[in-house]
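Just below is one structure, and these are the notes that go with it.
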Amino acid sequence: MASDLPFKLNNPDIFRTKALVGGEWVESKSSKRFDVYDPGNGKVWATAPDCTPDDVDATVQAAHVAFQTFRKVNPRTRAQCLLKWDQLIRENRDDIAKIVTYETGKPIAESQGELDYALGFTWWFAGEAERVQGTVQVPAAPNRRVFTVKQPIGVAVALVPWNFPIAMILRKAGAALAAGCTMIVKPSPETPFSVLTLAYLAEKAGFAKGVFSVLPTSLDNTPALSEALCRHPLVKKVTFTGSTRVGKLIAKICSDGLKKCTLELGGNCPFLVFDDADLEQAATQLMGLKWRHAGQACITANRVYVQKGVYDKFTQILSEKTRQLKIGHGAKEGSTLGPVTTPRSLDKAEAQVEDATKHGGKIVLGGKKLHGQSGYEGYFFEPTIITGAKDGMLISREETFAPIMALFEFSTEDEVVALANDTSMGLASYFFTKNIDRTWRLLENLEAGMIGMNTGNASAAETPFGGIKESGYGKESGKDVAINEYMITKTGTLTLSDHY
Ligand SMILES: O=CCCC(=O)O
């Protein structure tokens with residue numbers, strides 16, 4: 001209940017503690033609940049219904065029934081509901097941000113920033129709803145006309161991560177609802193409540209019962225529940241954001257039913273700084289990109305390559321800026337770096353630091369977990385800068401998902417492009433240079449779905465988001481491409497009479 005929370009909400013009604021199935025707030029059929037932890041102090045602060053595969057059929061059936069009506073709702077009405085949703089989320093922005101902070105650990109200003117970013121999606125997709133268009137064509141065969149029409153694909157399932165629980169939902173749901181699909185969300189076990197606030201506000205915005213449903217579940221039940229959703233014959237589309245390992249499993253399961261998938265997977269993104277870069281600009285952008293949510297964004301810079309001539313200078317600028325960070329609970333006034341969201345991330349971070357030092361890396365800042373030390377009950381890790389990073393270290397191959405920055409030195413453009421591309425992943429790449437020819441070459445030669453050119457912040461509702469290689473397929477956000485992920489194209493061929 002909202003009155004038991006460790007924080008106050010202006011609108012306590014948004015805090016929902018049940019699943020939303022077919023427009024009804026219900027417990028899971030198992031009647032079990034699971035604990036949700038505050039990463040800032042490691043304590044349980046609420047519980048959520050632990051849904052299992054037994055909850056799936058009723059939820060999908062209700063979403064399917066709702067789809068029969070929702071698919072025929074005209075696009076302007078769908079756009080108006082999206083805009084109303086957008087307005088209600090805006091009105092409750094600060095309350096939702098508090099919930100995000102207690103679930104994820106990120107500083108409150110970052111949670112508010114996530115809300116502002118995420119609201120770009122509801123706004124954008126309200127516009128997209130009315131711009132879906134088919135085609136008319138005169139083919140070679142005589143007296144014929146060919147049409148294409150676009151229609152919503154059906155019930156869509158969203159399997160979402162904990163790192164951006166509002167932005168990831170609104171990016172997916174905005175596109176699905178604009179297209180005329182109904183959607184079932186399985187939030188991450190760390191972040192059920194922020195997603196449930198959106199479900200509550202979707203109802204208030206006028207989306208009919210069953211159009212938007214949420215099935216929270218524990219870590220233990222996540223694989224079985226997700227598989228049951230992906231296998232249900234009435235589910236026609238699955239969108240997943242998370243690790244490449246799990247993405248491959250989902251793609252395999254969905255291939256059995258030939259379900260359409262959008263997969264936004266791992267990053268291991270390179271960040272290149274050339275001798276001619278504006279170092280102050282590159283460092284400022286890297287600070288925002290790398291320390292955002294304590295290094296836990298899929299598009300974060302995982303491998304920072306700095307050209308020989310500016311390596312020491314750039315390290316010094318970064319270290320000075322990083323020393324200014326204020327580590328603390330996300331809800332504490334002035335905190336600029338929160339904990340990581342799960343204790344699992346601490347173990348991985350420690351292993352990467354140990355491996356880097358064993359292979360000759362030098363820690364110039366941080367390097368240790370704070371969790372367990374006095375005053376740090378939460379899952380805190382020092383912001384860490386490692387110089388002398390080399391190919392072959394764990395940190396060059398694995399996504400870190402913790403506040404660790406590894407600096408690699410390079411000499412030539414050819415060398416760094418080969419290093420940057422030497423990964424199975426291809427989500428985002430970033431580079432900083434003032435050379436316009438090099439800018440064009442890098443845009444063409446870096447293997448990633450998104451390229452930041454003198455910027456570390458390229459995500460926006462208006463631009464397509466998505467990776468290549470083992471970072472997945474399909475695009476979210478941007479014009480046409482994202483809404484098309486939730487539509488089918490039907491071709492109609494009409495033969496006219498000879499005398500038409
Ligand atoms: O973590 C992945 C999403 C980050 C973003 O949308 O910018």
Side-chain angles (χ1 to χ4, degrees), residues 39 97 100 103-107 109-125 158-175 185 187-188 190-191 194-195 198 239-247 262-271 285-302 338 340-342 345 348 398-404 425-430 448-453 455-478 481-482 485:
V100 171
E103 289 179 327
T104 63
K106 65 178 77 170
E110 275 193 41
S111 298
Q112 290 167 343
E114 178 181 344
L115 262 291
D116 296 340
Y117 165 53
L119 282 161
F121 299 117
T122 34
W123 183 261
W124 173 259
F125 284 112
L159 307 171
V160 287
W162 44 255
N163 56 351
F164 293 91
I166 300 293
M168 296 303 97
I169 300 290
L170 294 186
R171 186 152 72 196
K172 293 172 193 298
V185 180
S188 198
E190 287 77 11
T191 53
S194 45
V195 179
L198 300 180
T239 171
F240 169 74
T241 298
S243 71
T244 295
R245 183 187 68 78
V246 176
T262 302
L263 299 172
E264 299 294 352
L265 310 178
N268 194 10
C269 307
F271 186 103
Q285 291 291 307
L286 184 54
M287 290 292 293
L289 179 68
K290 182 69 221 187
W291 307 127
R292 177 188 187 204
H293 195 5
Q296 301 174 105
C298 51
I299 54 164
T300 197
N302 211 54
V340 292
T341 304
T342 73
S345 300
K348 190 171 179 188
E398 290 182 339
E399 268 192 304
T400 305
F401 252 58
I404 301 176
M425 298 187 193
L427 188 58
S429 289
Y430 308 87
M450 296 171 284
I451 312 283
M453 302 182 279
T455 179
N457 176 11
S459 305
E462 305 88 314
T463 50
F465 187 102
I468 58 171
K469 296 163 76 177
E470 291 195 8
S471 291
Y473 43 74
K475 290 287 183 192
E476 299 191 303
S477 69
V481 284
E485 298 274 330

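As the structure lists them, so they are numbered: ligands from 1, and atoms in each ligand from 1.
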Ion pair present between Glu476 and Lys172, side-chain N to carboxylate O less than 4.0 angstrom? yes
Quick one: sort the Tyr430 and Phe271 rings into parallel, tilted or perpendicular, breaks at 30° and 60°. tilted
Subset of ligand 1 atoms that lie under 4.0 Å from at least one heavy atom of Asn163: 1 (O)
Short list, please: which atoms of ligand 1 are under 4.0 Å from a heavy atom of Met168? 3 (C), 6 (O)
Heavy atom of Glu264, distance to ligand 1 below 4.0 Å: no
Could you list which atoms of ligand 1 come closer than 4.0 Å to a heavy atom of Phe164? 1 (O)
Strictly under 4.0 Å, does any heavy atom of Ala167 approach an atom of ligand 1? no
Heavy atom of the protein closest to atom 7 (O) of ligand 1 (residue, atom name, distance): Ser459 OG, 2.7 Å
Using a 4.0 Å heavy-atom cut-off, which part of Thr241 comes near ligand 1: side chain, backbone, both, or neither? neither
Looking at ligand 1, is there an atom of it that comes within less than 4.0 Å of some heavy atom belonging to Gln296? no
Would you say the side-chain atoms of Thr244 and Glu470 include a donor-acceptor pair closer than 3.5 Å? no
Which bit of Arg292 gets closer than 4.0 Å to ligand 1, counting heavy atoms only: side chain, backbone, both or neither? side chain
Kindly compute the distance separating CD (Glu114) from OG (Ser194), expressed to the nearest 0.5 Å. 7.5 Å
Heavy atoms of Val195 and Pro187 approach each other most closely as CG2-CB, 3.8 Å
Are the side chains of Leu427 and Leu265 in touch, meaning some heavy atoms are under 4.5 Å apart? no
Look at the rings of Phe121 and Tyr117 and say which category their plane angle falls in: under 30° parallel, 30 to 60° tilted, over 60° perpendicular. perpendicular
Quick test: of every protein heavy atom, which one is nearest to atom 6 (O) of ligand 1, and how far off is it to 0.1 Å? Tyr117 OH, 2.6 Å
Exercise: identify the closest heavy-atom pair between Ala297 and Phe164: CB-CE1, 3.6 Å
Does Cys298 approach ligand 1 within less than 4.0 angstrom via side chain, backbone, both or neither, non-hydrogen atoms only? both
Run the numbers for me: atoms of ligand 1, each under 4.0 Å from some heavy atom of Ala297, listed by number. 1 (O)
